[in-house]
Engineer: 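Below is one structure. I have some questions about it.
Order of the sequence lines sets the chain letters (A, B, ...), proteins ahead of strands, with each chain counted from 1.
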There are 2 protein chains.
Amino acid sequence: MTDRASCLVSKLGHYISLSEDDRQRLSTLEKSERSYGAGTDIYQMDDPCTDLFVVKQGWLFSYNDLPDGSRQIVKLHLPGDIIGFPDVSQKHVTSTLCAAEDVVLCPFPKTALDVILRDSPRLSALILSIALRDQIILLDLLRALGSMTARARISYMLLDLLARLKITNKGMSDVLRLPLNQSQIAAYVGLTNVYVSKTLSRMEKDGDIARTGNTVHLLRPEAMEEATDFRDRYSDMDIGWFPANKV
Amino acid sequence: MTDRASCLVSKLGHYISLSEDDRQRLSTLEKSERSYGAGTDIYQMDDPCTDLFVVKQGWLFSYNDLPDGSRQIVKLHLPGDIIGFPDVSQKHVTSTLCAAEDVVLCPFPKTALDVILRDSPRLSALILSIALRDQIILLDLLRALGSMTARARISYMLLDLLARLKITNKGMSDVLRLPLNQSQIAAYVGLTNVYVSKTLSRMEKDGDIARTGNTVHLLRPEAMEEATDFRDRYSDMDIGWFPANKV
DNA sequence: CGAGGTTTTGAACTGTTTCAAGCTCGGTGG
DNA sequence: CCACCGAGCTTGAAACAGTTCAAAACCTCG
């Protein structure tokens, strides 16, 4: 991956082989990259939806504040992710995007999708697949929030993050840098910061995890997968049905 | 809508105008329709994923059973809906489909999407938009399960159902036939059947709703929308960016 | 009329929240 | 170099929303 390589090309090329045409198309879509400091709100809920972003560096999350003052984080964004996809279907964005740490993003215009859909069935299929897979993952999260205990929810979150990181980093161990504070974890799994603290402490005492700074070590991932009925949706997407590109 | 009209054509034609070519393409995809009795599991989690279904009649839901014995309903399917979309990205389906009452479905093969993506950019964009909008709706539900009280969750569910029914039935009032028992409602909003009963009774006593048989009348929908920060994602999808079909 | 599924109601219980205080630790300024 | 500050984490006690269990009431349909 050279320095001038487009974020989009490297992200999508990860799933399927791209024709030279496709590479060209994707590269031209990308605007110059941008940096944001930790804690910055990059766009706000209800802003007009014009750009998508590929994450080049750092973690981010999308959140909503509810009428009663509580906050729900609806998505964590890791390097390589495309941010804002679902909002393409709406005139305005439906959540606020916040940098969890210092980040670098590659914006590209929403209209890019138009071009892709018109000219590249293969890329269209890939993008659709990614959108659908993300939906499956949301359903998994829904099950966790709907009917699991605090402990299982947190386990689930950790397993999910590990699986995501392992896509691009095959040989990875079960150690995880977690650049989120406990209030953010709580807002994600639907608990309070206090109970997240208590639950993490208990998990540590029971030997499920070990913590040092903001890294977490999963000591019995299989047991945790068992308890949460965890499935890895990332490693085996079905891309067998993709159409070939027209000639 | 004639008797021989394809389910898919009438579903998709609802959003955009379809060319005669597109109509032809869609019609040929559809297999003959099928009926199932109330309570039937139509397919089971982990079955191979081959077909999608358009709902012609009746309500259904997709659910998962968790290791601890609890059940989570992840999606309610109403007439006009396409079932199984997210699973296209997987080799096996990720939840079990169950008929909440007597239903009629129109199956069509997963490979249909291949054809559409190759030949019709405009239909591709529509399908992608629907998938993305569904994702937004899931995020809304996630917020509800993650950080709302029992009362707000149930309010949210009712508002969402009403909004969905109003898509195809513009002049509809705030009365809703709800062919689900309280255990199913509970499995959907992440509560127990007992507490659903208690909450519904309280809502009725407070004058938020009225019940007769399995129909529910929303008496103060605006107040409920306020309390749950409800947004109607169905009525105004952004389809302005769709590509025209090639000639 | 009886039977089975569904809803209601009450009492005891539990997981999670709330509030509040104390602790840790890295960063900053005197 | 130390004192102090603030953000985040931990801990405990009290309160509460929602669960569990169990029994009774209700409905619909054969």
Engineer: Under a 3.5 Å threshold, yes or no: a donor from one side chain and an acceptor from the other, between A:Y36 and A:D41?
Structural biologist: no
Engineer: Between B:D51 and B:K110, is there a salt bridge with N-O shorter than 4.0 Å?
Structural biologist: no
Engineer: Which two nucleotides bound the region of DNA chain C that has atoms under 4.0 Å from heavy atoms of chain A, read 5' to 3'?
Structural biologist: C:dG15 to C:dC19
Engineer: Please enumerate all residues that pass salt bridge (Lys or Arg N to Asp or Glu O under 4.0 Å) together with A:R177, with sequence neighbours excluded.
Structural biologist: A:E101
Engineer: Counting C-beta onward and ignoring hydrogens, is there a side-chain heavy-atom pair between B:L218 and B:L159 closer than 4.5 Å?
Structural biologist: yes
Engineer: How far does the helix from C:dC1-D:dG30 to C:dG30-D:dC1 bend, going by the axes of its first and last five pairs, to the nearest 10°?
Structural biologist: 30°
Engineer: Run the side chain to side chain donor-acceptor pair (under 3.5 Å) test against A:D206 and tell me which residues pass, sequence neighbours left out.
Structural biologist: A:R151
Engineer: Are B:Y188 and B:F61 an aromatic pair, judged by ring center distance below 6.0 Å?
Structural biologist: no
Engineer: Are a donor atom and an acceptor atom from the side chains of B:D229 and B:Y156 found within less than 3.5 Å of each other?
Structural biologist: no
Engineer: Just to verify, what does A:K91 make a side chain to side chain donor-acceptor pair (under 3.5 Å) with, not counting sequence neighbours?
Structural biologist: none
Engineer: Provide the full list of side chain to side chain donor-acceptor pair (under 3.5 Å) pairs with a residue in residues 219-228 of chain A, sequence neighbours left out, each pair given once.
Structural biologist: A:D208-A:R220
Engineer: Specify the residues of residues 154-161 of chain B, ordered by number, for which at least one heavy atom lies under 4.0 angstrom from an atom of DNA chain C.
Structural biologist: none
Engineer: Using the salt bridge (Lys or Arg N to Asp or Glu O under 4.0 Å) rule, collect all pairs that involve residues 77-89 of chain B, keeping only residues at least two apart or in two chains.
Structural biologist: B:D81-B:R164
Engineer: So which of residues 204-212 of chain A are in contact with DNA chain D, with a heavy-atom cut-off of under 4.0 Å?
Structural biologist: A:R211
Engineer: Does either side chain, that of B:S62 or that of B:H77, offer a donor lying less than 3.5 Å from an acceptor on the other one?
Structural biologist: yes
Engineer: Going 5' to 3' on DNA chain D, which nucleotide is the first and which the last to come under 4.0 Å of a heavy atom in chain B?
Structural biologist: D:dA17 to D:dC21
Engineer: Which residues pass the side chain to side chain donor-acceptor pair (under 3.5 Å) test with B:S201, not counting sequence neighbours?
Structural biologist: none
Engineer: Salt bridge (Lys or Arg N to Asp or Glu O under 4.0 Å) with B:D47: which residues, sequence neighbours excluded?
Structural biologist: none
Engineer: Is it the case that atom CZ in A:R202 sees more than 12 heavy atoms from other parts of the structure closer than 6.0 Å?
Structural biologist: yes
